[in-house]
Amino acid sequence: MITGMRNTILRAFWGMIWLLPAVMAGVPGAPPGPDTSPEDYPKDYFDMPVKTAIRLSGTFGELRPNHFHSGIDISSASGSIGQPIYAAAEGYIDRIRVQESGYGNALYIKHPKGYTTVYAHLDKFSAAVQQYVKEAQYKRERFEVDLSPPDGMFKVKKGEQIGRMGNTGSSEGAHLHFEIRHTASQKALNPLLFGLPIPDNVPPELRDMKVYFLNERREVVNSKAFPIERRADGSYGVKGDTVRLPAWRVGFGLKAIDRPTGNTKNKNGIYALTLQADGQAAFQWHMSELDFDETRYLNAHTDYSARERYGAWFHRCFVLPGDRLSNYARTESLGAIPLYKERPVKIVLKAADAHNNVSTVSFWALRGDPVEPLPQPDCQFELPFDVDNRVDLEGFSMTVPKGALYETLYFQYSSETNHRFSELSALHRVHDETAPLHRSILLGLSPKTNIPEALRSKAVIARAGNGRPVNCGGIWSGEQLQTRVRGFGDYCIMLDTVPPTITPISFGADMRRKNTIAFRVQDNFRTDGSADNLEYRATVDGKWVLFEFDRKRARLSHTFDGRIPPGTHTLKLAVKDDRGNEAVFERKFTR
């Protein structure tokens, strides 16, 4: 609990943050309502889903590629899989999902007070749930399943073990991804606001800043580094306290991390940002909740170009005109600060974590003289962000739907006919891959040579970077090959006639002393856009058997569970890629 003077100060700060709706309907015992502050979230409803010392390797709202993190990540105490996972509150299992990537093995528990908790990347479910899942997999003859057991079929008590920590799906190490959701809306809520026993008395660390020169529509016309320094009292400022910026209107960007008490390794995300100009709220952002339909607006909230070029994660402390994220307060300026030549503007920027620890940077800003002229964009087309756009050129077409852009795009295009990837079509340089797209765009490319009818089904639109080409799919529309992609870059038409490869990892004629069969399966193309991932089917003596696919390791494995009796058997494994190229591995083995 927060008491005394510190409570008064923090309530004033959170009062600024909480101008926008926080979560849901506020009644005792129910999810917090629109007028609640972080202190009003129920603090004794949920237990930690692990029973050892906690080390957070990810926080809610943390900046991740193309999305905000929707839960907290709890690292394995031992560094390996197998740690017990427990139900955070009483309820019943409402959903069970098994994926090759994404959340991997995940449980969804519905609770009686309007919440749902999610437990992802599990290695194993409890025995009864594991059996239920396996029966469904054999019935449907597929590894990936999304199951909704009857209400109350799997009741759980608070603190009951429901599975074991794992590394399944798109996980990069043994950990639990834990979420709390509002059941009715399925919005994710910040678990750190629910009183979980995770100590943190360390304020966020401010790493760097940028200044952005903005036009009257809050679009970026230029940006520059904006060095800050830490003072002896722990606050932050700039050299000399007053800066002159050669622009009529500016916005700021902040790079900040948070480290919980005792955790010096992980660079976790912050919870909230506020920017004041002359004492008035100009920008406010916080992460008490997250609408999954809005999570890709991260690419507008952050400086996407800086991330793609240098791996630098800057929060924008202003709102781009096409950014529709609900986590902002609708202030009058939305973070765009007008500057004056003779009257300095007092800028105060605060970054906070979910435990009310705050770091502050403050300085004065004046308009410099002369104001730098706006750069003239070098482009072929000007594409406004708030309308549908289409570009038609020789051998190339592009449709950019309304809502795909966050600000006006000064579209740059060129083509190359003598590139190593330009055998079937020109290599089309479609703008700059450091510019973000919120929605998919439709690309159409025309071949420069006749593709024989027998090979047309093998043609794909490929993104050709420095590494292995990426198959983005493709469907013929007349004489043009079309597909949907979510990124700019270099594209061309290529043929995929090569089947995947199947390499034994654990397989031989004598499998009597083995617990698993395992293979590595790979393809000559990676996939993205509209292309399908690898499909596979395994049978033993003509009957389907369960093979689990770990996509990040390209590993297919079967664990013997008694379904294959002793004797000699025939294994057949078929793997097919997006263009229908198929590889088949067929061998006998003894069990």
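Predicted model, so just to flag it, every value in this text is computed and none were measured.
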On a heavy-atom basis, which atom in [X] and which in [Y] lie closest, and how many Å separate them?
X: A352; Y: V358; value: CB-CG2, 4.0 Å
X: K210; Y: A306; value: NZ-CB, 4.3 Å
X: L176; Y: A120; value: CD1-O, 3.7 Å
X: I347; Y: A277; value: CD1-CB, 4.3 Å
X: L445; Y: F396; value: CD2-CD1, 3.6 Å
X: C472; Y: T483; value: O-OG1, 2.6 Å

Reported [atom1]-to-[atom2] distance for the pair [X] and [Y], which is rounded to 0.5 angstrom:
X: L56; Y: L192; atom1: CG; atom2: CG; value: 6.0 Å
X: S170; Y: K552; atom1: OG; atom2: NZ; value: 7.0 Å
X: F60; Y: L193; atom1: CZ; atom2: CG; value: 8.5 Å
X: Q480; Y: L443; atom1: CD; atom2: CG; value: 9.5 Å
X: L189; Y: S70; atom1: CG; atom2: OG; value: 11.0 Å
X: F194; Y: Y115; atom1: CZ; atom2: OH; value: 4.5 Å

Validation row: [X], [Y] side chains within 4.5 angstrom (heavy atoms):
X: W248; Y: L214; answer: no
X: P246; Y: F213; answer: yes
X: V348; Y: T360; answer: yes
X: Y297; Y: Y328; answer: no
X: N268; Y: I257; answer: no
X: F252; Y: F283; answer: no
X: C492; Y: S422; answer: no
X: D490; Y: H419; answer: no

Verify, without hydrogens or angle tests, whether [X] (side chain) and [Y] (backbone) share a donor-acceptor contact under 3.5 angstrom.
X: Y236; Y: L349; answer: no
X: H177; Y: G58; answer: no
X: R316; Y: T302; answer: yes
X: H69; Y: H67; answer: no
X: R64; Y: G61; answer: no
X: T295; Y: F68; answer: yes
X: T59; Y: G269; answer: yes
X: N389; Y: P384; answer: yes
X: H175; Y: G173; answer: yes
X: Q284; Y: A329; answer: no

Does [X], at its [atom1] atom, have more than 12 non-hydrogen atoms belonging to other residues, nucleotides or ligands within less than 6.0 Å?
X: E433; atom1: CD; value: no
X: N418; atom1: CG; value: no
X: E332; atom1: CD; value: no
X: K341; atom1: NZ; value: no
X: Q280; atom1: CD; value: no

query: Does F363 have its ring centroid less than 6.0 Å away from the ring centroid of F226?
result: yes
- prompt: Below 6.0 angstrom between ring centroids: does that apply to F411 and H431?
  reply: yes
query: Could you go step by step and tell me if E205 and S359 meet the side-chain contact (heavy atoms from CB on, under 4.5 Å) rule?
result: CA-CA 7 Å; E205 181 182 335; S359 290; over 6 Å; no
Do [X] and [Y] meet the criterion of a side-chain donor-acceptor pair at a distance under 3.5 Å?
X: Y119; Y: T117; answer: yes
X: N357; Y: N201; answer: no
X: D303; Y: Y212; answer: yes

What donor-acceptor contacts under 3.5 angstrom involve side-chain atoms of residues 238-245, with partners at least two apart or in another chain?
unit_1, atom_1, unit_2, atom_2, d
D241, OD1, R231, NH2, 2.7

- request: Starting from the C-alpha separation in whole Å, work towards a yes-or-no answer on side-chain contact (heavy atoms from CB on, under 4.5 Å) for L334 and R218.
  value: CA-CA 9 Å; L334 294 175; R218 290 195 320 281; 3.6 Å; yes
task: For M48 and I198, run side-chain contact (heavy atoms from CB on, under 4.5 Å): C-alpha distance rounded to whole Å, both residues' side-chain angles, the deciding distance at 0.1 Å, then the answer.
output: CA-CA 9 Å; M48 286 297 300; I198 302 173; 4.2 Å; yes
Check this for me: does any side-chain nitrogen of one of [X] and [Y] sit under 4.0 Å from a carboxylate oxygen of the other?
X: D528; Y: R526; answer: no
X: D432; Y: R309; answer: yes
X: R343; Y: D278; answer: yes

Please table the atom pairs, donor to acceptor, closer than 3.5 Å between any side-chain atom in residues 401-409 and protein atoms at least two apart or in another chain.
unit_1, atom_1, unit_2, atom_2, d
Y406, OH, R296, O, 3.2
Y406, OH, H438, ND1, 2.7
E407, OE1, V220, N, 3.0
T408, OG1, E219, OE2, 2.8

- prompt: Should the pair H315 and H301 be assigned to parallel (<30°), tilted (30 to 60°) or perpendicular (>60°) ring geometry?
  reply: perpendicular
task: Kindly determine whether S305 and Y310 satisfy side-chain contact (heavy atoms from CB on, under 4.5 Å), including the steps that lead there.
output: CA-CA 8 Å; S305 177; Y310 317 115; over 6 Å; no
